[in-house]
There are 2 protein chains.
Amino acid sequence: MDSDYQSQARLFKAFCDETRLRVLEMLRGGEKCACKLLENLDCGQSGLSYHMKVLLESGIVTSRQEGKWTYYRICPEGAFTAVSLVQQLTTVTVDSDRCDCCEP
Amino acid sequence: MDSDYQSQARLFKAFCDETRLRVLEMLRGGEKCACKLLENLDCGQSGLSYHMKVLLESGIVTSRQEGKWTYYRICPEGAFTAVSLVQQLTTVTVDSDRCDCCEP
DNA sequence: TTGGTGTATCAAAAAATTTTTATGTGAGGT
DNA sequence: ACCTCACATAAAAATTTTTTGATACACCAA
């Protein structure tokens with residue numbers, strides 16, 4: 001249905017990096033502020049900022065500002081989109097026979 | 001449950017590249033041999049070989065040899081693993097309250 | 001206003017991925 | 001055996017991603 005490979009790829013980039021997987025694991029335990037995430041990660045402040053941007057762009061995570069702090073949490077809609085998309089991308093639409101394109 | 005971020009990341013690399021997404025789309029229509037895939041892609045023979053290796057390593061795709069041809073198809077078990085994993089990675093385990101780690 | 005804190009952004013460097021080119025290998029056919 | 005075909009692998013080049021360091025910006029407090 002969706003033919004925009006670029007944006008599909010962007011979604012899954014969320015899950016393709018160790019730091020981001022760690023962030024997601026922390027967010028599963030509820031909303032966290034950037035400083036809290038940073039405490040438990042092995043990267044610099046600007047590094048975290050970069051990864052959070054990737055996560056936001058994937059739609060898996062949302063953020064809110066409160067004063068000078070930024071809070072992040074998993075976005076259920078984004079998560080649902082991701083699950084549906086993996087499902088869609090890996091569902092075979094035929095009774096998967098052998099390919100006979102080369103054999104006579 | 002799984003704490004091996006590297007291997008989780010490897011799984012999702014399958015979905016992070018435009019060429020590989022195109023391959024998956026073709027495989028949804030059933031098993032295909034390498035030459036057939038190549039026909040419909042914008043990459044060289046060794047390029048396809050590289051991408052198929054990534055897909056195989058992710059567990060989403062399997063292959064079989066027949067004579068000098070190689071056939072690829074989507075692996076239902078790998079697909080199921082992927083869906084489950086996205087689900088797991090994005091499921092919040094608490095009644096997602098606001099984080100209060102910075103506010104007094 | 002000034003200064004400090006939390007985060008974002010930019011640019012450069014480093015690292016990883018992808019593409020390209022060349023070569024190697026194994027299966028068939030002659 | 002030899003040759004060819006389909007594909008894999010290796011090395012080099014090109015590109016993208018990630019990290020790092022510097023700076024900028026917004027907010028708050030004094």
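The figures that follow rest on heavy atoms only: side chains count, while hydrogens, waters and symmetry mates do not. Note that the structure is a prediction, hence the values are computed from the model and not measured.
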Start with the C-alpha gap between B:Thr70 and B:Gln65, add the side-chain angles, then the distance that decides, and say whether side-chain hydrogen bond (donor to acceptor under 3.5 Å, both in side chains) holds.
CA-CA 5 Å; B:Thr70 308; B:Gln65 296 288 137; 3.1 Å; yes
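Partners of A:Tyr72 by ring pair (Phe, Tyr, Trp, His ring centres under 6.0 Å), not counting sequence neighbours: none found.
Taking 4.0 Å as the cutoff to heavy atoms of chain B, we find the contact window on DNA chain D bounded by D:dC5 to D:dT9.
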Could you go over nucleotides 24-30 of chain C and give all protein N or O partners under 3.5 Å, atom names and distances?
none

Just the table, please: protein N/O against nucleotides 8-11 of chain C N/O, every pair under 3.5 Å.
residue	atom	partner	partner atom	Å
C:dA8	OP1	A:Tyr72	OH	2.9
C:dA8	OP2	A:Ser49	OG	2.9
C:dA8	OP2	A:Tyr72	OH	3.4
C:dA8	N7	A:Gln45	NE2	2.9
C:dA8	N6	A:Gln45	OE1	3.2

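Between the CZ atom of B:Arg22 and the CG atom of B:Leu27 there is a distance of 14.0 Å, given to the nearest 0.5 Å. Rounding to the nearest 0.5 Å places OH of A:Tyr71 at 12.5 Å from OG of A:Ser63. Between atom CD of residue A:Gln8 and atom CG of residue A:Leu89 there is a gap of 5.0 Å, rounded to the nearest 0.5 Å. Summarising the geometry, atom CG belonging to A:Asp17 is positioned 9.0 Å from atom SG belonging to A:Cys43; distances are rounded to the nearest 0.5 Å.
Residue A:Glu39 contributes atom CD, which lies 11 Å from atom P of C:dT7 at whole-angstrom precision.
Inter-residue side-chain proximity for B:Gln87 and A:Val83 is flagged as met; some heavy-atom pair is nearer than 4.5 Å.
The stretch residues 12-47 of chain A participates, sequence neighbours left out, in these ring pair (Phe, Tyr, Trp, His ring centres under 6.0 Å) pairs: A:Phe12-B:Phe15, A:Phe15-B:Phe12. Screening residues 24-58 of chain B for ring pair (Phe, Tyr, Trp, His ring centres under 6.0 Å) gives no qualifying pairs among residues at least two apart or on separate chains.
Partner B:Leu41 forms a side chain to side chain contact (heavy atoms under 4.5 Å, CB included) with one of B:Lys36, B:Met26, B:Glu18 and no other, that one being B:Met26.
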